[in-house]
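Start at 1 with the first residue, then count along the sequence. Heavy atoms only: backbone and side chains are in, while hydrogens, waters and symmetry mates are out.
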Amino acid sequence: MKMQSRLLLFILLFFHLSCSTTQRGEDADRPIRIAFYNVENLFDLEDDPATLDEDFTPTGKQEWTQERYQTKLSRIHEVVKGMHYPALLGLSEIENSKVLADLSETGGMAAKGYQFAHFDSPDKRGIDVALLYQKKLFKVKNSSYLRLDFPLKVIPDEPGYTSRDILIVEGEISKKSTVYVFVVHWPSRRGGLVKSEPKRVFVASQVRNKIDELAQLNPDAQFIVMGDFNDETTNKSVARTLEAYPLPTTPNRTRLYNCFSKLDKENQGSYNYRGDWNMLDQIILSGHFFEAENALKFRSANIFKEEFLLYQDEKHGARPNRTYGGPNYYGGYSDHLPVFIELDAN
């Protein structure tokens with residue numbers, strides 16, 4: 001009996017080690033996925049007297065109930081799961097750390113060990129940006145924010161205008177490369193593209209200045225800029241002010257390259273306006289990620305455009321299946337589609 005017990009123990013131990021080795025091998029070969037998602041108004045149920053969030057309360061115009069809040073969390077988790085739980089996930093239109101904590105505990109996200117970086121910004125509606133990350137894949141060294149002080153010449157008709165802060169997270173991806181991750185949500189196109197453009201150009205200049213400052217301090221610094229730019233890849237703020245170039249044939253590590261320039265040129269997009277797809281959500285990388293010898297190398301860029309995220313509009317065709325349309329509750333996911341890139345680890 002002792003011999004049989006020892007044999008059984010040996011078989012079980014061998015099976016466990018084999019499975020563990022196989023799993024580690026699969027993880028090692030799997031590309032690192034980095035994503036961004038404008039989740040469309042993820043508010044808690046409480047009325048914050050310092051912000052204009054009262055519509056998203058149980059008695060507010062949107063009738064934002066506990067049931068709807070839980071549905072929203074489940075919808076976002078469904079998307080994150082569909083993207084195979086990215087190592088890094090930038091988010092916009094989240095209200096506070098409470099909704100991030102609740103999201104981190106929803107579905108399979110808790111098992112992945114997601115943590116988050118976030119700061120409250122002065123946005124009048126109370127919406128911010130954040131970075132969710134798997135702590136086993138991304139080690140945070142420091143997090144900070146860039147506050148935007150708009151000069152009057154940029155906002156002559158809107159004194160006191162505020163927008164979302166720029167989130168900056170310094171960390172190490174998969175114990176290979178130290179990067180600065182910028183998460184942005186630039187000013188909207190409210191008032192029209194031309195009239196609102198100076199705001200986005202100003203924000204782009206602030207991000208560009210900060211990147212130049214960090215690169216001056218550390219020439220080997222690598223950068224990831226992700227977010228809802230409310231501009232497309234060829235618009236002035238992105239292409240000229242931020243200086244995010246199309247993907248390179250011969251990379252220059254001092255430059256930024258827009259992973260979504262090609263998809264934009266093909267008339268694909270993450271946001272649909274009256275049947276026209278706009279590439280508003282983008283991920284931009286410094287030139288390091290395109291060098292053959294870099295520890296992390298760009299592989300691909302995609303829009304997460306699964307059928308369950310879309311509905312068929314009779315007039316404009318497929319559009320993102322959103323949560324609200326004005327005061328009407330649809331119970332969908334978001335008015336934006338997520339975008340993601342994959343990096344190979346050398």
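- If you look at Tyr324 and Tyr330, their ring centroids are not closer than 6.0 Å.
- Pairing each heavy atom of Asp53 with each of Glu95, the nearest pair is OD2-OE2, 2.8 Å.
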Please test Glu213 against Lys210 for salt bridge (charged side-chain N to carboxylate O under 4.0 Å, His left out), starting from the C-alpha separation and ending with a verdict. CA-CA 5 Å; Glu213 175 190 322; Lys210 188 63 179 179; 3.2 Å; yes
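- Between Ile32 and Ser174, some side-chain heavy-atom pair lies under the 4.5 Å cut-off.
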Please lay out, stage by stage, how Leu132 and Met109 fare under the test side-chain contact (heavy atoms from CB on, under 4.5 Å). CA-CA 10 Å; Leu132 279 175; Met109 297 185 69; 3.8 Å; yes
Stepwise side-chain contact (heavy atoms from CB on, under 4.5 Å) test for Leu242 and Asn258: CA-CA 10 Å; Leu242 185 60; Asn258 199 322; over 6 Å; no
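- Under a 4.0 Å N-O distance rule, the pair Asp220/Arg253 qualifies as a salt bridge.
- The shortest side-chain heavy-atom distance between Ile173 and Leu137 does not fall under the 4.5 Å cut-off.
- By the 30° and 60° cut-offs, the orientation of the rings of Tyr133 relative to Phe138 is perpendicular.
- A 6.0 Å sphere centred on CD of Glu293 holds more than 12 heavy atoms belonging to other residues, nucleotides or ligands.
- Proximity of the aromatic rings of Phe202 and Phe150 is defined here by a centroid distance below 6.0 angstrom, and this criterion is met.
- Clustering ILVMFWY residues whenever any of their side-chain heavy atoms sit less than 4.5 angstrom apart, transitively, puts Tyr180 in a cluster other than the one holding Leu88.
- Side chain of Glu63 to main chain of Gly60: no donor-acceptor pair is present (N/O by atom type, distance under 3.5 Å, no hydrogens or angles).
- Looking only at distances, a side-chain donor or acceptor of Asp48 sits under 3.5 Å from a matching main-chain atom of Ala50.
- For Arg33 and Glu342, the salt-bridge test passes: some basic side-chain N is under 4.0 Å from an acidic carboxylate O.
- With respect to Asp55 and Arg125, no salt bridge is recorded, no charged nitrogen being found less than 4.0 Å from a carboxylate O.
- Leu214 places a side-chain heavy atom less than 4.5 Å from the side chain of Phe223.
- Ring-plane geometry between Tyr257 and Phe290 is classed as perpendicular, the angle between the planes exceeding 60 degrees on a 0 to 90 degree scale with a lower cut at 30.
- Note on Phe116: it clusters hydrophobically with Phe119, by side-chain heavy-atom contacts below 4.5 Å among ILVMFWY residues.
- A distance-only check finds no donor-acceptor pair linking the side chain of Lys176 to the backbone of Asn294 [under 3.5 Å].
- In this structure, a donor-acceptor pair under 3.5 Å is absent between the side chains of Asp128 and Asn96.
- No continuous path of hydrophobic side-chain contacts links Ile34 to Ile284 [ILVMFWY only; heavy atoms under 4.5 Å].
- A pairwise comparison of heavy atoms in His185 and Val129 identifies CB-CG1, 3.6 Å as the closest pair.
- Ion pairing between a basic and an acidic side chain is recognised when a charged N comes within 4.0 Å of a carboxylate O; Lys262 and Glu266 show such pairing.
- With sequence neighbours excluded, the residues satisfying side chain to side chain contact (heavy atoms under 4.5 Å, CB included) with Leu45 are Pro58, Trp64, Gln66, Tyr69.
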Could you go through the side-chain hydrogen bond (donor to acceptor under 3.5 Å, both in side chains) check for Asp123 and Ser121 one step at a time? CA-CA 6 Å; Asp123 180 87; Ser121 77; 5.7 Å; no
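- Salt-bridge formation is detected for the pair Asp344/Arg299: a Lys NZ or Arg NE/NH1/NH2 atom is positioned less than 4.0 Å from an Asp or Glu carboxylate oxygen.
- When side chains are defined from C-beta on, Ile76 counts as touching Leu42, because their heavy atoms get closer than 4.5 Å.
- Using modelled atom types, one side-chain atom of Asn235 and one backbone atom of Glu232 make a donor-acceptor pair closer than 3.5 Å.
- The one candidate from Asp231, Asn230, Asp264 that meets the side-chain contact (heavy atoms from CB on, under 4.5 Å) condition with Val238 is Asp231.
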Apply side-chain hydrogen bond (donor to acceptor under 3.5 Å, both in side chains) to residues Tyr85 and His77 and explain how you reach the verdict. CA-CA 9 Å; Tyr85 297 105; His77 168 255; 2.9 Å; yes
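- Judged by the 6.0 Å distance and 45° axis criteria, Lys199 is positioned over the aromatic ring of Tyr161.
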Working for side-chain contact (heavy atoms from CB on, under 4.5 Å), residues Asp276 and Arg274: CA-CA 6 Å; Asp276 182 26; Arg274 297 179 180 178; 6.0 Å; no
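- Side-chain contact between Val339 and Phe260 is present, with at least one heavy-atom pair separated by less than 4.5 Å.
- Side-chain atoms of Gln206 and Leu146, non-hydrogen and from C-beta on, do get closer than 4.5 Å to each other.
- Remark: Arg200 does not engage Glu197 in a salt bridge, criterion side-chain N to carboxylate O under 4.0 Å.
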Just do the side-chain contact (heavy atoms from CB on, under 4.5 Å) check on Arg75 and Val79 with the steps written out, would you? CA-CA 7 Å; Arg75 291 279 191 262; Val79 175; 5.9 Å; no
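- Side-chain polar atoms of Lys124 and Thr51 form no donor-acceptor pair below 3.5 angstrom.
- Contact record, Leu309 with Tyr37: CD2-OH, 4.3 Å, taken as the closest heavy-atom pair.
- Ile94 and Val184 fall into different hydrophobic clusters, where Ile, Leu, Val, Met, Phe, Trp and Tyr are joined by side-chain heavy atoms under 4.5 Å apart, directly or via other members.
- Looking at Tyr245 and Asn252, their side chains never come closer than 4.5 Å, going by heavy atoms from C-beta outward.
- Side-chain contact between Ile168 and Tyr145: absent, with no pair of heavy atoms (C-beta onward) separated by less than 4.5 Å.
- Ring orientation note: the planes of Trp186 and Phe229 are nearly perpendicular, at an angle over 60° on the 30°/60° scale.
- Salt-bridge annotation for Lys98 and Glu46: absent, with no side-chain N of the basic residue lying under 4.0 Å from a carboxylate O of the acidic one.
- In plain terms, the two heavy atoms of Asn272 and Ala318 that are nearest each other are ND2-O, 3.6 Å.
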Check the pair Tyr333, Glu40 against side-chain hydrogen bond (donor to acceptor under 3.5 Å, both in side chains), reporting the backbone distance first and the verdict last. CA-CA 8 Å; Tyr333 296 80; Glu40 188 201 345; over 6 Å; no
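- Transitive grouping of hydrophobic side chains (ILVMFWY, heavy atoms separated by less than 4.5 Å) keeps Phe298 and Ile211 in distinct clusters.
- Heavy-atom minimum distance, Asp120 versus Arg147: O-NH2, 3.2 Å.
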Please lay out, stage by stage, how His336 and Asp281 fare under the test side-chain hydrogen bond (donor to acceptor under 3.5 Å, both in side chains). CA-CA 8 Å; His336 287 244; Asp281 304 279; 2.7 Å; yes
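- What you find for Ala292 and Asn346 is that their closest heavy atoms are O-ND2, 3.4 Å.
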